[in-house]
Number of protein chains: 2
Amino acid sequence: MKEQNTKRAYHHGDLRVTLLEAAKALMAEAGIEGLSLRKLADKVGVSRTAPYHHFKDKNELLCAIAAEGFEHWHTLADEILAKTHLSPKARYREFVYEYIRYASENPEMYDLMFGRTIWKQNTATDALKNVAFPSFQYQVTMTKKWQEQGIMPKEEDPLRLAQVTWGTIHGIARLLIDGIYADTSHIDEMCETVVNLFIQDK
Amino acid sequence: MKEQNTKRAYHHGDLRVTLLEAAKALMAEAGIEGLSLRKLADKVGVSRTAPYHHFKDKNELLCAIAAEGFEHWHTLADEILAKTHLSPKARYREFVYEYIRYASENPEMYDLMFGRTIWKQNTATDALKNVAFPSFQYQVTMTKKWQEQGIMPKEEDPLRLAQVTWGTIHGIARLLIDGIYADTSHIDEMCETVVNLFIQDK
DNA sequence: CATAAATCTTGACAGCGTCAAAATAACCTC
DNA sequence: GAGGTTATTTTGACGCTGTCAAGATTTATG
């Protein structure tokens, strides 16, 4: 009985996918720093260097994880924007809530996707860039739409406005997952304040 | 010839201060991750374990560095707020610019002060908390003042408003120092957009 | 079936934080 | 000043990390 996936089943049987799944789980519980290739290999039941035949190094593994995170995140964002039965303002509110919720429920993944581990050293793989850059650009696209819908000021440059509004929810998300804002019970009120400040009366 | 500092000159001559200075320099050029106790000891010219008699572990060294950062940062903020010859709006503008400038010129220090390294694991020393918490609280105090001066909406709860406005400049700072916004030439325009969005016509 | 390629393992190395024990230097009291 | 205490520093060691090299094993290919 052997599987027939994208990669064929050799000794292990699609070790790459197994590693990615285990890595996400390990990262979620031990953090990015706590995710070591050796612990990962041990968890999966292979030798220390086995992962090196599927990922060039640790960075490439992290990029692969982040890429999956972006794909997941992108579908979540799309779902909200598809709720056309809601008013633009209500949709934006939901987007803000969902953004903060995603970050606080997946702090390590969020940190990997939007943090310095990958981007500061400029070590993103092409595969990651191909999903991450559109996600960044997505913020600008949505902002333009919000301006057209009249809930955000039309006179502001879309790029600048996107940078600031995204910066706001990103900043709040970071303060939460980095442990500066310990009190997560205030999340709702913070989101509401964001909407109050940025959204012009519908 | 021996110095007479807070700590007396033993074998080395105030190793603690020397370590802190070298650690700040090493961190600035190699990053928080690149700062190792062994390299630090080597740079200063002592054995690997010598620093352990002045700092319990690496975390305590990092906390000491961060504490100095907060003190420096606090004096910078105070200077701006003391410029009473400027209008409240102009002062806020300068505060935003200065905040982003400080972060982008001292990215590693900013990351240490406001990042997850220390706060997420909840390993801050009491000495650090004593300077950091007032700095956090400072944001709320200033926000209240801005509300009283009529440049920020009075109807918003001061704490929430502070969290969101601080979150905004913190988020932009993070996007810059983490390498998401590579283009630092847009800093001025982003700051201006922040002021436009948050400040009510003077 | 034989050769090539992919996959996995064992061995090894340097770097890291940190503990234990020993060595050294300064201080303090008598 | 002498002797003992304390502060400081060093050497040795351990386990953890990422990663390379070389060999072994399994699968694919011609």
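In what follows, chains are A, B, ... by sequence order, proteins preceding strands, each numbered from 1. In this text the structure is predicted, and so the values were computed from the model without any measurement.
The nearest heavy atom of DNA chain D to A:G34 and to A:T49 marks one nucleotide each, and the one closer to the 5' end goes with A:G34. Nearest-nucleotide assignment on DNA chain C puts the 5′-proximal partner with A:H53, out of A:H53 and A:R38.
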**Message:** Run A:E94 and A:R91 through salt bridge (Lys or Arg N to Asp or Glu O under 4.0 Å) and show every step you take.
**Reply:** CA-CA 5 Å; A:E94 198 151 328; A:R91 252 178 295 166; over 6 Å; no

**Message:** Would B:Q163 and B:H170 count as a side-chain contact (heavy atoms from CB on, under 4.5 Å) here? Give the steps.
**Reply:** CA-CA 10 Å; B:Q163 287 173 328; B:H170 173 69; over 6 Å; no

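Atom NZ in A:K58 sits roughly 14 Å away from atom C1' in C:dG15 (whole-Å rounding). Computed from coordinates, the A:R16 CZ to C:dA6 C1' distance equals 15 Å when rounded to whole Å.
Taking the side chain of A:K39 as heavy atoms from C-beta on, and the options D:dT19, C:dT18, D:dT17, the nearest nucleotide is D:dT17. Side chain of A:Y52, nearest nucleotide from D:dT10, C:dC8, D:dT19: D:dT19. Comparing C:dT9, D:dT8, C:dT7 by their closest approach to the side chain of A:H54 singles out C:dT7. Here the nucleotide nearest the side chain of A:R48, chosen from C:dA12, D:dT10, C:dT18, is C:dA12. Of the listed nucleotides (C:dT9, C:dC16, C:dT18), C:dC16 has the atom at the smallest distance from the side chain of B:S36.
Ion pairing of A:E192 with A:R93 is present here, as a side-chain N (NZ or NE/NH1/NH2) and a carboxylate O approach within less than 4.0 Å. Taking 4.0 Å as the cut-off between side-chain N and carboxylate O, A:R116 and A:D111 do not count as a salt-bridged pair.
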